[in-house]
Amino acid sequence: MSPAREPIAVIGTGYVGLVTAAGFAELGNEVWCVDIDADKIARLEAGEIPIYEPGLAESIAGSRERLHFSTDLAPALEHARLLFVAVGTPPTYSGDADLSAVHAVVDAMPPSDRHALVMKSTVPVGTGASIKRTFAARGKDGFRYVSCPEFLKEGTALPDFRNPDRVVVGDDGNWAGDAVVDLYAPLDAPIVRTDVASAEMVKLASNAFLATKISFINEIANVCEETGADVLEVAKGMGLDERIGRHFLRPGIGFGGSCFPKDVSALKQLAGNSGYHFQLLTAVIEVNELQKRRVISKLQKHLGTLVGKTVALLGLAFKPDTDDMREASSLVLAARLQADGATVRAFDPIAEDEARRLMPGVEFADSALGALEGADAVVLVTEWSEFRGIDWSAAAERMPGRLLIDGRNFLDAATLREAGFAYEGIGQR
Ligand SMILES: NC(=O)c1ccc[n+]([C@@H]2O[C@H](COP(=O)([O-])OP(=O)(O)OC[C@H]3O[C@@H](n4cnc5c(N)ncnc54)[C@H](O)[C@@H]3O)[C@@H](O)[C@H]2O)c1
């Protein structure tokens, strides 16, 4: 019989917390989940999954007896010594990370020689040191601290948990770091053991690098448009170079989501607060903001003024296979189109509820073809796979203007042109 797995707690049951809880429950751990959102906990207890993440509902149902949900920390403290923290760290107005939820968790911890906080939330370098100082000042020196940043991607979060590229564990060399490493042992992933500050930086630097790669290829795409090269060919030729790699060389209308924008900005601010001006990241952010708006000039090039025109947006979530609308490019695009006098009609297969809340004045359709009805132009914003199955000949009949801007270079240009559309991608010849 395999040895019993260690019970753990997860504080914060959002995208990261729920996936972490489900993943460890699959491995056989009892998981005590805590959240301050009583409605979310009630829904989880009733077997409802509050977010859309492929496979998550099935995973949670499969390990339901090992998952415990509560708004009360006490059972978690009683049963588990490792307390994974997965609360939100959204940006403040200044671009720094808002650590108030992290501080609330730290404040709620009792003095203990038996427990450790394991930080999954993305936090600025120095947060672990500051939390340890807080514990010491309050007579809680026995409380241990481990940085274990999370690298999952929404949309493939469970496969990412089960098969991580690496697990980073930053600690001070006490029992807690070893216990976290043991917990991940069945996944057989490369483990990077380091100090707390370096672990915190691995996360921020990884996201900043990926965001830089996106802004870089977007700028190459823009130069391709000016010079007659085709960015898809260019990206293919670049990506085969092992030193560059093909991932994240897909040009589009900018990155969004709950992580890249805030983490890039948090790293830039962190550097600035420490006296270093991180010029490259300033450019990465600016390129991304401009990229979201370039679609407007593409539309104007074909349609002239946008006043009185109807523009359909296909896909609203920040990427496919999630209902997450945080920092989605669609939000900027819809607001800019409305400001220019256009009517915006939109469709997303999953994110509509959240989109309705965030996009006042936008008309929502209940199918892709419904969104195209009477439109002068359509912009593919999020590359949901079902959009490849649209009958574009039928779509053309519903649209007085047959213009398609493919913001993700996702659709087949030849098919669109055959159906009578003027097709324009990003950086394509
Ligand atoms: N979403 C991602 O793809 C992703 C990937 C890697 C890392 N991260 C990082 O993980 C962290 C969590 O992100 P998320 O997307 O899961 O956030 P989220 O907003 O989906 O979930 C956060 C949860 O924490 C709960 N919470 C807030 N304060 C609490 C408290 N004091 N006690 C208990 N629960 C509390 C909220 O009610 C919410 O359910 C962030 O720091 C984020 O940067 C996110």
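All values derive from a computational prediction rather than experimental measurement. In what follows, every heavy atom counts, from backbone to side chain, and hydrogens, waters and symmetry copies are set aside. In listed order, ligands and their atoms are each counted from 1.
Taking only nitrogen or oxygen atoms, main chain and side chain alike, Tyr15 reaches within less than 3.5 Å of ligand 1. Checked against a 3.5 angstrom limit, the closest N/O atoms of Lys203 and ligand 1 fall outside it.
More than 12 heavy atoms of other shown residues, nucleotides or ligands fall within 6.0 angstrom of atom CG in Asp72. The environment of CD in Glu65 is crowded: more than 12 heavy-atom neighbours from other residues, nucleotides or ligands sit within 6.0 Å. More than 12 heavy atoms of other residues, nucleotides or ligands lie within 6.0 Å of CZ in Arg408, so this atom counts as buried by the packing criterion.
Close approach of ligand 1 to Ile11 (heavy-atom distance below 4.0 Å) involves ligand atoms 32 (N), 33 (C). Atom numbering of ligand 1 starts at 1 in the shown order; those under 4.0 Å from a heavy atom of Lys40 are 38 (C), 39 (O). Atoms of ligand 1 found under 4.0 Å from any heavy atom of Thr89 (numbered from 1 in listed order, with element): 40 (C), 41 (O), 43 (O). Close approach to Gly88 involves these atoms of ligand 1, each under 4.0 Å from a residue heavy atom: 22 (C). Taking every heavy atom of Cys259 and a limit of under 4.0 angstrom, the matching atoms of ligand 1 come to 2 (C), 3 (O), 4 (C), 5 (C), 8 (N), 44 (C). Every atom of ligand 1 is numbered from 1 in the order shown, and the set under 4.0 Å from a heavy atom of Ala101 is 28 (N), 31 (N). Each of the following atoms of ligand 1 lies closer than 4.0 Å to a heavy atom of Ser258: 1 (N), 2 (C).
Each of Leu333, Leu314, Leu316 was scored for a side chain to side chain contact (heavy atoms under 4.5 Å, CB included) with Val381, with one residue passing: Leu333. Each of Phe24, Tyr15, Phe151 was evaluated against Phe161; a single residue qualifies, Phe24, per the ring pair (Phe, Tyr, Trp, His ring centres under 6.0 Å) test.
Distance alone, capped at 3.5 Å, places no donor-acceptor pair between the Asn207 side chain and the Phe260 backbone. Under a 3.5 Å cut-off, the side chain of Thr92 and the backbone N or O of Asp96 do form a donor-acceptor pair.
For atom 17 (O) of ligand 1, the nearest non-hydrogen atom from the set Lys319, Arg326, Lys262 comes from Arg326. Distances from atom 8 (N) of ligand 1 to the heavy atoms of Val19, Val123, Asp107, Val16 show the closest one on Val16.
Among protein heavy atoms, atom 11 (C) of ligand 1 sits closest to Val87 O, 3.3 Å. Considering only non-hydrogen protein atoms, atom 21 (O) of ligand 1 sits nearest to Gly14 CA, 3.2 Å. The shortest contact between atom 1 (N) of ligand 1 and any protein heavy atom is with Glu154 OE2, 2.7 Å. For atom 25 (C) of ligand 1, the closest non-hydrogen atom on the protein side is Asp35 OD2, 3.2 Å. Taking atom 6 (C) of ligand 1 as the reference point, the nearest protein heavy-atom neighbour is Glu150 O, 3.3 Å. For atom 30 (C) of ligand 1, the closest non-hydrogen atom on the protein side is Ile36 CG2, 3.7 Å.
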Apply salt bridge (Lys or Arg N to Asp or Glu O under 4.0 Å) to Arg81 and Glu6, showing your working. CA-CA 9 Å; Arg81 53 179 191 154; Glu6 160 147 27; 2.6 Å; yes
Before giving the answer on side-chain hydrogen bond (donor to acceptor under 3.5 Å, both in side chains), spell out for Ser100 and Asp98 the whole-Å C-alpha distance, their side-chain angles and the decisive distance to 0.1 Å. CA-CA 6 Å; Ser100 53; Asp98 176 355; 2.8 Å; yes
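What you find for Pro261 and Glu327 is that their closest heavy atoms are CG-CB, 3.9 Å.
For the pair Arg326 and Phe318, the cation does not sit on the ring face, since its NZ or CZ is not both under 6.0 Å from the ring centre and inside 45° of the axis.
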